[in-house]
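A short write-up of the structure that comes next.
We name chains A, B, ... by the order of the sequence lines, and we start the count at 1 in each one.
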Amino acid sequence: MTDLTRHTAAELAAQLADGTTTSVAVTQAHLDRIAAVDGTIHAFLHVNPELSLAAAAASDARRASGKPLSDLDGVPLAIKDVLVTTDMPSTSGSKILEGWMSPYDATVVTRAREAGLVPLGKTNMDEFAMGSSTEHSAYGPTRNPWDTDRIPGGSGGGSAAAVAAFEAPFALGSDTGGSIRQPAHITGTVGMKPTYGSVSRYGAIALASSLDQVGPCSRTVLDAALLHDVIGGYDRHDSTSLKDAWPSFAEAARSGAQPGSLKGLKVGVVSQYAGEAFQTGVMTRFRESLEMLAAAGAEIVDVSLPSVEHAVAAYYLILPAEASSNLAKFDSVRFGMRATIAGGGTVEQVMSATREAGFGPEVKRRIILGTYALSAGYYDAYYGSAQKVRTLIQRDFDQAFASVDVLATPTAPTTAWKLGEKLDDPLAMYAQDIATIPANLAGIPGISIPSGIAPEDGLPVGIQFLAPARHDAKLYSVAAGLEALLHAQWGGPLTSQAPDFDTAVPTQSARSVSPTQSTRGGA
Amino acid sequence: MAKAKLMDFDKALELFEPVLGFEVHVELNTTTKMFSSAPNEFGGEPNSNVTPVCLGLPGSLPVVNEQAVRYSISLGLALGCSIAPSSRFARKNYFYPDLAKNYQISQFDEPIAFEGKVDVELSDGRIVSVDIERAHMEEDAGKLTHVGGATGRIQGAEYSLVDYNRAGVPLVEIVTKVIYGAEADAPELAKAYVATIRDIVVALGISDARMERGNLRCDANVSLRPRGQEKLGTRTETKNVNSLRSVERAVRYEIQRQAQILSEGGTIVQETRHWHEDTGATSAGRPKSDADDYRYFPEPDLLPVEPSVELIEELRAALPEQPAERKRRLKAEWGFSDLEFQDVVNSGLLSELVATVSAGASPQAARKWWTGEIARIANAADREPTELITGAQVAEVQLLVDEGVLNDRMARQVLEAVIAGEGSAREIVDAKGLAVVSDDGALIAAIDTALAAQPDVLEKIREGKVQAAGAVIGAVMQAMQGKADAARVRELVLERAQA
Amino acid sequence: MSDISEDRVRHLAGLARIDLTNDEVTHLTAELSKIVDVVATVSAAATDDIPATSHPIPLTNVYRDDVVTDDVLTTEQALSGAPEHDGSRFKVSAILGEEQ
């Protein structure tokens with residue numbers, strides 16, 4: 001292991017700028033780290049050292065000629081496999097897309113490349129981002145660096161674990177109901193879901209179009225903001241893309257970290273997110289963070305969002321409905337897997353056999369549920385009602401934000417659970433998203449940052465902040481303010497406290513799949 | 001395919017009232033597709049005019065073509081429709097290999113245009129008003145080619161090939177309300193309605209409107225109800241009707257077929273039927289069933305279309321004249337007799353004449369070509385005149401006549417060559433050396449030779465039997481292999497007689 | 001209570017073109033019954049006077065100019081991921097149903 005992997009993206013950028021290090025050295029250090037630990041963690045589905053090192057060398061050449069593409073030129077980046085890339089396979093964690101090479105790059109990937117970021121590889125995820133544990137990946141689960149018998153959260157468990165295990169300084173994720181924020185909470189990292197429409201969805205393999213949003217994963221708030229600055233902004237390829245002129249999020253994070261920035265901030269604590277469902281240690285750390293904010297001059301008030309009671313139900317109608325349609329394109333005609341049938345079969349039979357063989361159980365469950373919710377005679381009661389609940393939740397948020405600047409909640413009810421523990425109980429798994437889902441339904445931004453370690457199990461816990469739509473900068477500022485106080489207490493990012501697992505032998509859980517099934521190593 | 005037993009048409013009308021409805025799909029001639037920036041062209045190299053959106057590649061997203069929206073509003077206004085202050089796209093979900101995403105982006109309960117009315121003129125000049133229920137925007141599907149099996153049809157094929165060049169081409173679907181009272185005019189009304197829609201979109205300049213190329217497609221709904229009964233009968237929906245003539249024939253056929261079945265105590269199956277131009281019959285397709293659960297829902301990747309009042313009024317002000325008004329104007333401009341004009345209208349050739357005249361031909365010459373030679377060739381080939389040649393091509397032939405390069409006979413020859421695809425009229429004239437001999441010297445020499453063989457001709461002319469010149473003209477034309485201007489030869493012969 | 005039966009699950013799987021095994025049908029029927037009971041509670045919360053929200057951030061009239069862009073793929077790129085093609089078109093086995 002080299003020290004370079006312990007640095008934040010901001011620190012690496014500074015070292016690249018002053019010539020202390022090179023992109024090749026930084027990239028090689030992360031590739032070495034991946035080689036050392038990813039057999040255990042399985043955060044990556046695909047890495048291609050040659051490709052990464054070539055991109056790193058090109059970056060060094062630009063730096064040498066005094067023409068870096070951006071401040072971050074040469075910093076390595078992990079990319080969630082939901083984002084399509086022309087030089088690495090894009091599978092969205094599904095067997096149905098095994099080995100598929102996209103002829104185009106996702107807009108966020110294009111922007112990362114244009115900023116000189118060095119792609120390290122594609123990270124593991126629940127199949128088509130359906131899940132909260134990354135156990136629904138067709139290529140085997142990712143393990144939590146804090147305890148490799150436990151899940152890393154989901155669907156973006158790969159990106160979160162890669163960052164937590166120092167395999168990458170930051171990563172791209174996607175968040176439909178918490179897939180960036182919940183893994184951040186579970187792995188002691190930072191995850192931001194931007195305002196709907198502020199980051200392009202073009203090239204993000206769609207789960208639920210009206211909920212999906214791409215965002216950054218990192219170990220610090222500033223790194224998330226730096227990455228957000230690279231990927232955000234209007235894209236003509238995405239009709240839902242906002243044309244707003246966004247402020248610098250990195251600037252917001254830097255100024256938020258200054259002493260005194262939290263003075264006068266009004267923080268609303270959502271009363272609905274407490275009680276039995278929430279683990280003791282989660283609530284302990286949450287309250288401590290609130291006390292810290294108050295001590296720094298923030299005003300803490302109680303806020304009620306009565307309609308979030310229906311959020312999970314509405315979400316599990318809207319998401320399956322949209323997903324059932326979005327996933328119809330996986331039919332064995334233009335791309336992806338095709339099942340063979342004895343005697344050839346009709347195209348209808350081939351499609352049905354392909355989708356039977358290519359989709360995992362959670363994907364089938366949600367497609368059937370979504371098909372049901374949209375069926376003739378059920379639309380009004382299910383999909384139509386769910387869209388109305390969305391209106392109610394938006395109204396709740398509007399009312400709350402009329403009196404507070406941001407809302408605070410525990411990011412998720414519990415710390416990381418054991419692999420396999422909730423696999424046979426979909427409803428228990430769905431309940432994990434209770435605090436993250438409302439932001440997707442309302443389109444507002446949300447960020448999760450580490451708030452400490454639960455005393456009872458030694459696992460990380462996160463706090464979530466929510467802001468009104470388009471106020472993403474406010475979140476970076478507030479999160480950076482609290483983070484600065486916490487880092488002062490901890491002596492650095494929470495991830496520094498993670499136990500070393502390098503020599504740990506993975507315990508084979510019932511569902512684990514050998515990492516040799518992955519496409520690691522490239523073509 | 002065996003023709004079903006058909007009842008005599010007049011008998012069918014005695015027993016039943018035909019009830020009609022039409023769904024016409026118009027392909028818009030925008031530069032790019034409805035939701036992708038791929039060229040709106042097909043017929044070239046398969047799968048060459050596609051973006052990730054047309055192929056429904058993972059991660060791809062649709063973005064609406066503004067021009068297609070403007071065209072759709074213009075069409076809605078021309079159909080006398082109200083334009084919705086807010087309309088939305090919806091997904092129509094069904095699996096089919098030509099549908100890249102396995103859903104079609106269409107409009108469902110919030111179409112862009114609704115509640116209109118179109119006046120349709122029948123061949124005897126009567127006007128029938130057809131109520132329009134809605135016009136909505138949607139995207140076309142790709143093109144399937146069925147390989148193997150005897151007919152190239154879907155049945156019996158071994159495999160199919162898919163070209164997505166057409167996938168995503170902008171369509172407007174125009175849906176009529178139920179049409180009652182057409183009676184014996186039903187087949188003609190069907191044809192006249194589609195011709196009117198065609199004239200409207202051509203006048204708007206928003207579609208190439210070539211039925212044989214699928215730019216304009218008609219699904220005809222036909223049902224019968226026994227005289228004196230109030231309840232509507234079961235309807236069939238006939239697809240694949242690719243010419244004005246077949247619209248008329250298909251409706252007539254369905255009336256006769258259904259009447260026969262009903263009169264025998266049978267029942268009509270609610271189904272899609274396919275029209276076969278070759279056999280002049282329809283065949284049963286897919287029965288409508290509750291399996292057609294399209295699970296429509298608002299397209300989450302697209303936003304509502306909310307045209308401003310200013311935009312609607314701007315487009316309304318730019319509308320071309322109504323078809324009936326246009327006809328009155330053209331008839332006056334061209335100076336046609338009632339009979340001449342009606343002949344053109346009934347042949348569905350009005351737009352072709354406009355194109356021919358605007359390319360430089362005189363109205364009478366344009367009329368003669370289209371209702372004469374071209375109609376004859378089309379009839380012999382069992383095709384539509386419009387499929388054979390364009391107005392500009394016809395005008396080019398006529399201009400060569402006007403310039404004296406071609407005589408009538410040669411012009412017909414050139415026209416046939418143009419239709420056969422041998423090139424432009426001028427290219428053909430050059431290639432075949434087809435120009436009238438205008439050198440009087442050569443003509444006089446040929447006349448001398450002919451007069452030597454028929455010495456009594458000049459005498460007959462001088463006696464007043466001018467028609468005797470015909471024998472000499474014929475001989476000269478033969479000698480010149482047809483490349484002489486017959487009128488000039490005649491002049492020269494008459495001059496000689498008076499000398 | 002939900003009306004999820006094995007027959008309905010089979011019908012839905014047909015619409016969704018997934019050739020479920022009998023075991024999967026049995027399993028899914030039980031699971032979906034429970035899930036539907038939970039999600040169906042939304043209809044109680046949604047009264048007639050509440051408008052539906054289909055887009056979290058409301059926008060209207062989002063259009064593209066009618067201009068060809070560099071997003072157009074070559075035929076080779078278009079076919080690059082195809083399970084089967086003939087050099088210019090995607091190849092599929094015989095089609096049972098009718099054209100739509």
From B:Leu55 CG over to C:Ser80 OG, what is the distance, rounded to the nearest 0.5 angstrom? 9.0 Å

Part of [X] within contact of chain C (heavy atom distance under 4.5 Å):
{"X": "B:Gln104", "value": "neither"}
{"X": "B:Val69", "value": "side chain"}
{"X": "B:Pro97", "value": "side chain"}
{"X": "B:Phe297", "value": "neither"}
{"X": "B:Leu161", "value": "both"}
{"X": "B:Ser36", "value": "backbone"}
{"X": "B:Glu158", "value": "backbone"}

Can you name the nearest heavy-atom pair linking [X] to [Y], along with the distance?
{"X": "B:Ala157", "Y": "C:Ala94", "value": "O-CB, 3.3 Å"}
{"X": "B:Lys33", "Y": "C:Arg64", "value": "O-NH2, 2.6 Å"}
{"X": "B:Val63", "Y": "C:Tyr63", "value": "CG1-C, 4.2 Å"}
{"X": "C:His55", "Y": "B:Pro300", "value": "NE2-O, 3.0 Å"}

Given C:Asp66, C:Thr75, C:Val72, the one with more heavy-atom pairs under 4.5 angstrom with chain B than any other is C:Asp66

Counting heavy-atom pairs closer than 4.5 Å to chain B, which one of C:Asp71, C:Thr69, C:Asn61, C:Thr74 comes out on top? C:Asn61

What part of C:Ala82 lies closer than 4.5 angstrom to a heavy atom of chain B: side chain, backbone, both or neither? neither

Is it the backbone or the side chain of C:Val67 that comes under 4.5 Å from a heavy atom of chain B, or both, or neither? backbone

My understanding is that only one of B:Thr51, B:Asn40, B:Asn49, B:Thr32 makes a side chain to side chain contact (heavy atoms under 4.5 Å, CB included) with C:Val68; could you say which? B:Thr32

Are there over 12 heavy-atom neighbours, none belonging to [X], within less than 6.0 Å of that residue's [atom1]?
{"X": "C:Asp48", "atom1": "CG", "result": "no"}
{"X": "C:His27", "atom1": "NE2", "result": "no"}
{"X": "C:Glu76", "atom1": "CD", "result": "no"}

Let me see the working for B:Leu302 and C:Val62 under side-chain contact (heavy atoms from CB on, under 4.5 Å), right down to the final yes or no. CA-CA 8 Å; B:Leu302 295 172; C:Val62 177; over 6 Å; no

Can you check whether B:Val162 reaches C:Arg89 side chain to side chain, under 4.5 Å on heavy atoms? no

Under the side-chain contact (heavy atoms from CB on, under 4.5 Å) criterion, do B:Val147 and C:Asp86 qualify, and how do the steps go? CA-CA 12 Å; B:Val147 182; C:Asp86 77 342; over 6 Å; no

Residue selection (most heavy-atom pairs with chain C, distance under 4.5 Å) from B:Thr30, B:Val50, B:Asn47: B:Asn47

Flag the one option from B:Ser37, B:Ser48, B:Ser308 with the top tally of heavy-atom pairs under 4.5 Å to chain C. B:Ser37

Trace of the side-chain contact (heavy atoms from CB on, under 4.5 Å) decision for C:Thr60 with B:Leu303: CA-CA 5 Å; C:Thr60 56; B:Leu303 289 310; 5.6 Å; no

